[in-house]
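Working notes, beginning with the structure itself.
What you see is a predicted model, and the numbers here were worked out from it, not measured in a lab.
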Amino acid sequence: MGEHTVASFDEELGSIDQLIRDMGALSATMVADATRALLSSDNPLAQRVISDDAIMDAKQRELDEQAITLIARRQPMAQDLRAVVSAIRMASDLERIGDLAKNIAKRVGAVGQSATPKPLAHSIDSMASLVHDQVKNVVAFYAERRSEELPALRADDEKIDIKYTAIFRELLTYMMEDPRNITACTHLLFCAKNLERIGDHVTNIAENAYYVMTGRQLPMSRPRVDETAVSDAAG
Amino acid sequence: MNMLTEASIEQKLSPMKNEPRIKMRGDKVTVHYGEKQALFGVDLQIPEHQVTALIGPSGCGKSTFLRCLNRMNDTIDGCRVGGKVTLDQEDVYDPKIDVVELRARVGMVFQKPNPFPKSIYENIAYGPRIHGLTKSKAEMDEVVEKSLRKAAIWDEVKDRLSESGTGLSGGQQQRLCIARAIAVSPEVILMDEPCSALDPIATAKVEELIDELRQNYTIVIVTHSMQQAARVSQRTAMFHIGYLVEEGPTDKMFTNPDDKRTQDYITGRFG
Ligand SMILES: Nc1ncnc2c1ncn2[C@@H]1O[C@H](COP(=O)(O)OP(=O)(O)O)[C@@H](O)[C@H]1O
Ligand SMILES: [Mg+2]
């Protein structure tokens with residue numbers, strides 16, 4: 001895309017784009033750190049995630065301000081308008097991802113050392129790495145303007161949902177086997193749920209990124225069937 | 001399970017769209033000013049009861065095209081129009097067409113408000129009188145009031161109808177000119193940058209008026225303000241050095257235009 005007649009307009013758009021990239025990179029780090037902290041009971045790392053969240057919030061506020069100023073000053077049109085509106089939405093999803101990663105990190109102390117049975121830790125670990133890949137990829141596809149990758153990435157969210165359902169069952173089994181597992185498993189359940197929600201935000205980001213790049217909406221997504229819905233309602 | 005299919009959702013979201021009637025149509029319209037060609041085969045349809053905005057960099061031929069619609073180009077020496085322009089399927093360049101009557105059906109409002117140096121009343125009454133539209137003073141009074149009301153300026157001038165039209169503010173003058181265009185009951189109103197000499201409040205009033213007028217009239221507006229085109233029009237046509245490069249629903253033109261030149265122009269990237 002060519003440059004604006006008014007050069008400072010390009011700088012303002014560039015600055016908003018950079019904030020999205022920064023927030024994207026930070027969210028990927030936070031998700032990776034939070035799950036690593038959880039599985040290795042690493043309290044200092046968990047604290048880092050918690051303090052990263054404050055940075056994330058600050059960046060979101062910064063982006064909101066810049067976007068609002070840009071709209072007031074430039075009245076952007078076409079791809080510029082899409083870029084600004086979608087940046088506001090993507091920033092809000094990234095900020096939520098940060099919150100969810102922080103929520104995971106906050107439970108690190110509560111789960112406690114050696115409480116997590118090996119196979120379970122393995123399941124959470126593999127779910128976390130699915131989620132982390134999704135976050136990393138959506139940010140990369142946005143940054144590299146690879147819109148053609150986004151439909152498949154969005155569809156991949158289903159894998160996270162399936163994984164979540166499996167972990168939910170697995171945790172129930174552990175709790176029934178030995179009630180002493182209940183506290184730790186409950187915390188892990190929340191963590192898994194948070195990871196699943198992060199996946200949902202990635203889906204939103206993919207949809208917005210696709211819109212920025214193409215001007216078209218991704219086709220409506222599949223109807224979601226949440227097999228844990230009954231238990232969710234109870235909890 | 002009563003799952004909504006994608007198709008049924010789409011259907012719920014987009015109510016049946018009635019395609020509007022085409023009021024005017026330009027068909028391979030070309031214009032020469034002497035040796036210089038200003039328009040190159042422009043095909044454009046003007047839907048009834050909608051506002052169509054013509055946009056594009058200056059000198060691209062917006063005003064030239066607009067003037068083809070009511071043969072205002074006839075008044076310019078050395079100007080030749082080719083192709084076809086129709087109003088309700090009737091060829092407006094047909095020799096049998098009465099140009100004065102055509103201009104009553106397709107009225108025009110100009111960039112600079114140009115009231116006659118006469119009373120406000122006379123500014124409005126002039127058109128209906130020369131077209132013999134009224135039979136009595138009472139009838140004329142009614143036409144004057146109605147036109148001023150439709151142009152949303154009645155309340156501001158009703159107590160000084162005998163004062164000169166040139167004594168009004170710029171924004172009032174422009175609405176007076178719109179009232180004057182309305183007085184002869186046109187079907188189409190052409191506006192060439194009607195707000196470019198107005199301040200933001202007067203502009204807002206004229207824009208508000210344009211939106212109301214489209215219930216009864218078909219409007220074509222030339223504007224160099226992208227925001228104005230986005231605000232007032234339902235369809236937008238983008239011109240570039242004598243060619244129509246893209247035309248479509250305004251919402252789409254300003255969020256996701258197809259043509260690179262449109263994108264560059266509306267986003268302020270024209271070099
Ligand atoms: N009366 C005229 N005589 C000669 N050339 C004209 C006349 N009016 C317009 N032109 C030329 O035709 C082209 C289109 O002009 P115009 O329709 O006024 O453009 P726009 O309204 O988009 O700014 C320009 O190159 C302009 O110089
Ligand atoms: Mg012009």
Partner set under side chain to side chain donor-acceptor pair (under 3.5 Å) for A:Ser15, not counting sequence neighbours: A:Gln66
Proximity of residues 96-104 of chain A to chain B, residues having a non-hydrogen atom under 4.5 angstrom: none
Neighbours of chain A found in residues 220-259 of chain B - heavy atoms under 4.5 Å: B:Met226, B:Gln227, B:Ala230, B:Phe254, B:Thr255, B:Asn256, B:Pro257
Approximate separation, where rounding is to 0.5 Å, of A:Gln79 CD and B:Arg269 CZ: 4.5 Å
Donor-acceptor under 3.5 Å (B:Thr267 side chain, A:Asp80 main chain): no
Residue pairs involving residues 197-206 of chain B (criterion salt bridge (Lys or Arg N to Asp or Glu O under 4.0 Å); sequence neighbours excluded): none
Pairwise distance CG(B:Asp264) to NE2(A:His4) - rounded to 0.5 angstrom: 9.0 Å
